[in-house]
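Heads up, the thing below is written out as structure tokens.
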Amino acid sequence: MRKYLNRRTFMATVAALTVSASAFGVTAAGAADKIKLRLSAPASATDQRAVALTEVFAPAVSGFAEFEPHWNATLFKQGTELEAIARGNLEMSITSAQELAVFFPEFSIFTAGYVHQDAAHQVAVFNDPLMDPFKQKVEDELGVKLLSVMYLGRRQVNLRQSKDELAVKTPADLAGVNLRMPGTDAWQFLGKALGANPTPLAFTEVYTALQTGAVDGQDNPLPTVVDAKFYEVTNQIILTSHLVDLNYIAISKTLWESLSPEQQATVQKAADDAAESGRQNQLKKEEELVSFLKEQGMAIYEPDLAAFRNQVQSMYLNSEYAANWPDGLLDKINALGN
């Protein structure tokens, strides 16, 4: 498991910093200068998150703020953005539950398989009161406010075998299937929880491994299946949706508190609208890719999702990964879905 940072040491450092509103380009009330909102993220400028923030968020706040994005991690190295915000060196970022879990282990629940069911469930969870303690802790201890949740897509199982050779309905059907998964312990655990035999392999080697039969399958979102042309060397996609990935739009709490109530409302709506735009575009893209892949001769179908969800959640709850999850939280999250 990824080692957690010494949170007490880092938080003490953050608490010692005095970040004035002027550090963010905010001047006295009534001044004409616009607030500068620098955002650093590893995404490319053509990524749906970048497009949504540039085309939706930026114009919405342009009356009082200048949105200045830095894509491809050109301003801050990936994984250091939250610390940069906490220290007053950055105004905004797109962060993940994995990154937040480095500071707050309880966030790891949002990185586990079958916690989020789909894009709508992500929004329901983020906006539910159950998230309030999570958001408050990030504000209080990191000085970062989470504005909205962005949908990144669903990971699916992609196999060499045809559906006639192997039809997958439950985790038991994946027994003995060598499924390529990323090499970390957490990813390998998820592969086992799905019922497969997880095989660590560099992404660059996956196409050849599928082609030669060194592995039976791999898991990735549909855009990756298409971009990497895995459809050329596989025959079916099982829509397990075992991981519904997300990002959070994050902003400096100090900057947020320097805004007027009207400006806060505008920023919040702009973030929500950008997230919704990106979400709808990503969902549309996924639908289009299903049609494309079917045209390539791929069998695409949904298994017994309840069977997969029950097994995977049970294995997580009985593992070390759930040690920091608040009691009863998973049941509350499940209740917000189907």
Side-chain angles (χ1 to χ4, degrees), residues 37-61 67-73 75-76 78-79 81-82 84-85 90-102 104 107-112 115-128 130-131 134-135 138-139 142 144-156 220-224 241-253 256 266-289 333 336-337:
L37 298 177
R38 294 170 303 153
L39 179 142
S40 182
S44 69
T46 57
D47 183 279
Q48 58 92 1
R49 292 164 293 178
V51 172
L53 286 165
T54 302
E55 296 184 357
V56 179
F57 180 85
V61 301
F67 181 62
E68 183 184 295
H70 296 263
W71 309 116
N72 299 305
L75 186 59
F76 286 95
Q78 182 176 8
E81 300 94 342
L82 290 175
I85 293 177
L90 182 67
E91 291 78 64
M92 296 183 68
S93 74
I94 306 172
T95 191
S96 67
Q98 288 87 346
E99 290 170 331
L100 286 164
V102 174
F104 312 105
F107 262 92
S108 66
I109 192 170
F110 302 116
T111 71
V115 170
H116 289 115
Q117 298 175 18
D118 52 33
H121 188 227
Q122 279 183 343
V123 177
V125 171
F126 184 79
N127 291 331
D128 192 82
L130 69 84
M131 276 295 296
F134 289 86
K135 295 174 184 176
V138 177
E139 289 186 29
L142 260 188
V144 174
K145 180 177 179 62
L146 303 181
L147 290 172
S148 199
V149 62
M150 304 191 91
Y151 171 71
L152 300 188
R154 295 164 286 185
R155 294 181 77 99
Q156 317 291 6
N220 261 300
L222 296 184
T224 303
S241 299
H242 49 274
L243 195 65
V244 186
D245 209 359
L246 61 78
N247 273 166
Y248 301 113
I249 301 175
I251 192 169
S252 160
K253 181 186 177 184
W256 175 263
T266 298
V267 170
Q268 182 63 64
K269 185 177 187 304
D272 289 338
D273 289 349
E276 181 62 18
S277 174
R279 184 160 37 249
Q280 294 306 319
N281 287 338
Q282 187 73 352
L283 289 169
K284 181 181 178 182
K285 183 177 182 179
E286 289 178 338
E287 289 180 7
E288 292 171 348
L289 292 181
I333 291 173
L336 294 174

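In this text the structure is predicted, and so the values were computed from the model without any measurement. Below, all heavy atoms of this structure are taken into account, side chains as well, without hydrogens, waters or symmetry copies.
- The main-chain N or O of F126 is found under 3.5 Å from a side-chain atom of K135 such that the two form a donor-acceptor pair.
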Does E287 form a salt bridge (Lys or Arg N to Asp or Glu O under 4.0 Å) with K284? I'd like the steps, not just the answer. CA-CA 5 Å; E287 289 180 7; K284 181 181 178 182; over 6 Å; no

Give the intermediate values and the outcome of side-chain contact (heavy atoms from CB on, under 4.5 Å) for residues L246 and H116. CA-CA 9 Å; L246 61 78; H116 289 115; 3.2 Å; yes

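- Between the D128 side chain and the A124 main chain, no donor and acceptor come within less than 3.5 Å of each other.
- Closest heavy-atom contact between I333 and H121: O-NE2, 2.8 Å.
- Counting heavy atoms from C-beta on, the side chains of L53 and I249 come closer than 4.5 Å.
- Annotation: side chain of Q122 is not in contact with side chain of L152 (no heavy-atom distance under 4.5 Å).
- Looking at E91 and R38, a side-chain N of the basic residue comes within less than 4.0 Å of a carboxylate O on the acidic one, giving a salt bridge.
- Put simply, the side chain of V244 does not reach to within 4.5 Å of the side chain of Q117, judged on heavy atoms.
- Checking side-chain atoms of E55 against main-chain N and O of A274 turns up no donor-acceptor pair under 3.5 Å.
- A salt bridge is absent between E288 and K285: the closest approach of a Lys/Arg side-chain nitrogen to an acidic carboxylate oxygen does not fall below 4.0 angstrom.
- Under a 3.5 Å cut-off, the side chain of Q156 and the backbone N or O of P221 do not form any donor-acceptor pair.
- V144 places none of its side-chain heavy atoms less than 4.5 Å from the side chain of Y248.
- Inter-residue side-chain proximity for W71 and L39 is flagged as met; some heavy-atom pair is nearer than 4.5 Å.
- In this structure, a donor-acceptor pair under 3.5 Å is present between the side chains of S44 and T46.
- A donor and an acceptor atom, one from each side chain of Q282 and E286, are nowhere located under 3.5 Å apart.
- Note: F134 and F110 have perpendicular aromatic rings, judged against thresholds of 30 and 60 degrees for the angle between ring planes.
- A donor-acceptor contact shorter than 3.5 Å is absent between the side chain of Q48 and the backbone of N281.
- Put simply, the side chain of H242 gets close to the backbone of R155: a donor and an acceptor are under 3.5 Å apart.
- In this structure, A250 and T95 approach most closely via the heavy-atom pair CB-CG2, 4.3 Å.
- Residues L289 and L222 approach most closely at CD1-C, 3.8 Å, considering heavy atoms.
- At least one donor-acceptor pair closer than 3.5 Å links the side chain of R279 to the backbone N or O of V149.
- Taking the side chain as every heavy atom from C-beta outward, K253 and I85 never approach each other to under 4.5 Å.
- Heavy-atom minimum distance, A119 versus Y151: CB-CD1, 3.6 Å.
- Panel note: side chain S93, backbone E81; no donor-acceptor pair is recorded below 3.5 Å.
- Counting all heavy atoms, side chain and backbone alike, D272 lies closest to S148 at OD1-OG, 2.9 Å.
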